[in-house]
Amino acid sequence: MIEFKNVTKEYTQGVFALRDISLTIADGELIFLAGPSGAGKSSLLKLIAGVERPSSGIVSVHGQDVSKLNASSLPFYRRKLGLILQGQGLLLDRSVLANVMLPLIVAGAASSEAEIRARAALEKVNLSDKAEARPLTLSGGEQQRVAIARAIVNRPRIILADEPTAFLDKDNANKVVNALKAFQSAGVTCIISSHDEQLLEQASRVIYLSKGAISDSWTSALAA
Ligand code: ADP
Ligand code: ADP
C-alpha cells in the first residue's frame, strides 16, 4: 500500500507543488494521475520514489516512511520500484537488450542470467525483434516500451511512469498503456501520470491534481 498523509511539498518559499495531499493506493491498482502541466504530478511520483522529500506530512510505501530512508538504503528501496521518469533516457550507444540488462547488471546479476531476463522482459512489451537494435532506430512508442522493459526487469511491485505517452500518437500511446496494464494484471501497482484526457477513458481510477491539490474531476482540475 502507498499512503500519503497530509503531504505538502514546497520547493522554494511560496512555490507549492503539492498541498495537503492525503490518499491511499492499494497493491495492484492501476492509477492515472491526471492534471494540467504544473499540477504536481511529477512531484507526487518523485515523493514516492524518494527523489524528493515532503516539506510536511508522511509518504509511506509498504509501511516504510520514505523520508526516513538514508543515503545507503535509498538505492535498495528504488530497486524495488520500476521507474519511468522523465529525462531518464536510454543509452544510445548500446543495444536495446543491453539497456534492459543494465539494472540487473547493476544489481549484481550474472550477464547470462541478465540476458535471459531482459529478453523475457522485451517479450512482455512485444519488442523481442528489436533486442539488437540501437534505441535511435526505434519509434518513440517503441523507445517508451524499452523504458518499460528496463523498469520492470527487476520485478518491481510498483511501477511509476511519468508521462510515458507524451509525444506519442493515440495508437502508440495505447500500446504503451497496454504494456503497463499487462503488469498490473500480474499484481503490480501502476501509477501513470498523463495530461492526455483520452487516455483516462481506460482507467479504473483517476486521481486529478490541480495546482497541487486533489480535484474531483478533470473539468474542475482545469477550472481551478
Ligand atoms: P507536473 O508534473 O504536473 O507538470 P510538477 O510536479 O513538475 O508538475 O510541478 C509542480 C510545481 O512545482 C510547478 O509549479 C513547478 O514549477 C514546481 N517545481 C517542480 N519541480 C521544482 C523544483 N525542482 N524546484 C522548484 N520548483 C519546482
Ligand atoms: P521469467 O520468469 O523467465 O523472468 P516471465 O515471463 O515470468 O519470465 O517474466 C518476464 C519478465 O517480465 C521478467 O524478467 C520480469 O522482468 C517481468 N515480469 C514478469 N512478471 C512480473 C511481475 N509480476 N512483476 C514485475 N515484473 C514482472
Side-chain angles (χ1 to χ4, degrees), residues 2-25 29-61 65-67 69-71 74-75 77-78 81-90 140-141 143-144 147-148 150-151 156 158-170 172-173 176-177 180 189-224:
I2 299 172
E3 196 172 16
F4 278 62
K5 273 193 212 151
N6 304 104
V7 173
T8 290
K9 177 66 186 175
E10 184 181 13
Y11 283 102
T12 48
Q13 216 184 352
V15 181
F16 287 90
L18 297 170
R19 294 168 192 266
D20 198 26
I21 298 285
S22 293
L23 55 85
T24 302
I25 296 170
E29 275 197 273
L30 175 85
I31 308 253
F32 276 88
L33 195 56
S37 181
K41 304 182 296 296
S42 298
S43 298
L44 195 149
L45 295 176
K46 285 178 184 166
L47 288 174
I48 298 172
V51 174
E52 294 285 354
R53 280 161 194 255
S55 309
S56 61
I58 293 174
V59 177
S60 68
V61 176
D65 179 343
V66 178
S67 64
L69 293 166
N70 59 26
L74 258 177
Y77 168 72
R78 287 212 192 102
L81 306 175
L83 300 179
I84 307 164
L85 300 181
Q86 288 184 37
Q88 293 189 334
L90 302 171
Q143 290 182 28
Q144 277 298 14
I148 293 172
R150 182 181 61 179
I158 299 171
I159 296 176
L160 307 177
D162 196 4
E163 297 273 1
T165 63
F167 316 116
L168 300 182
D169 59 32
K170 198 173 176 203
N172 275 303
V176 165
V177 171
L180 289 166
T189 309
C190 294
I191 309 177
I192 307 169
S193 78
S194 174
H195 62 258
D196 180 354
E197 199 179 350
Q198 279 187 335
L199 211 59
L200 308 180
E201 290 162 9
Q202 337 187 24
S204 49
R205 180 174 168 201
V206 182
I207 296 172
Y208 296 94
L209 277 180
S210 141
K211 295 184 181 161
I214 292 179
S215 258
D216 55 11
S217 72
W218 185 253
T219 324
S220 52
L222 289 179

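Note that the structure is a prediction, hence the values are computed from the model and not measured. Positions are given from 1 along the sequence. Whatever order the structure lists ligands and atoms in, that order sets their numbers, starting from 1. Values below: all heavy atoms of this structure, side chains included; hydrogens, waters and symmetry mates excluded.
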| remark: K41 heavy atoms within 4.0 Å reach ligand 1 at atoms 1 (P), 2 (O), 3 (O), 4 (O), 6 (O), 8 (O)
| said: At less than 4.0 angstrom from any non-hydrogen atom of A39, what atoms of ligand 1 do you find? | reply: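 The atoms of ligand 1 under 4.0 Å from a heavy atom of A39 are 1 (P), 3 (O), 8 (O).
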Any heavy-atom pair between the side chains of [Y] and [X] that's under 4.5 Å?
X    : Y    : answer
L83  : R78  : yes
L168 : Q144 : yes
L23  : I214 : yes
V66  : I58  : no
F16  : T8   : yes

| query | From atom 18 (N) of ligand 1, is the closest protein heavy-atom distance below 4.0 Å? | reply | yes
| Donor-acceptor contact below 3.5 Å, side chain R53 vs main chain S67 |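 Judged by distance alone, yes, a pair lies under 3.5 Å.
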| query | Any donor-acceptor pair under 3.5 Å linking the side chain of S55 with the backbone of E10? | reply |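 Yes; at least one donor-acceptor contact below 3.5 Å.
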| task | May I ask which of G38, S37, A34, S42 has a heavy atom nearer to atom 7 (O) of ligand 1 than the others do? | result |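 Answer by nearest heavy atom: S42.
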Closest protein heavy atom (residue, atom, distance) for [atom]:
atom                    : value
atom 12 (O) of ligand 1 : A17 CB, 3.4 Å
atom 8 (O) of ligand 1  : G40 N, 3.0 Å
atom 27 (C) of ligand 1 : Y11 CD1, 3.2 Å

| field | Distance-only N or O hit between ligand 1 and V15, under 3.5 Å | value | no
| field | Contact check: S43 vs ligand 1, nitrogen or oxygen atoms, below 3.5 angstrom | value | yes
| request: Using a 4.0 Å heavy-atom threshold (strictly under), name the region of P36 that reaches ligand 1: side chain, backbone, both or neither. | output: backbone
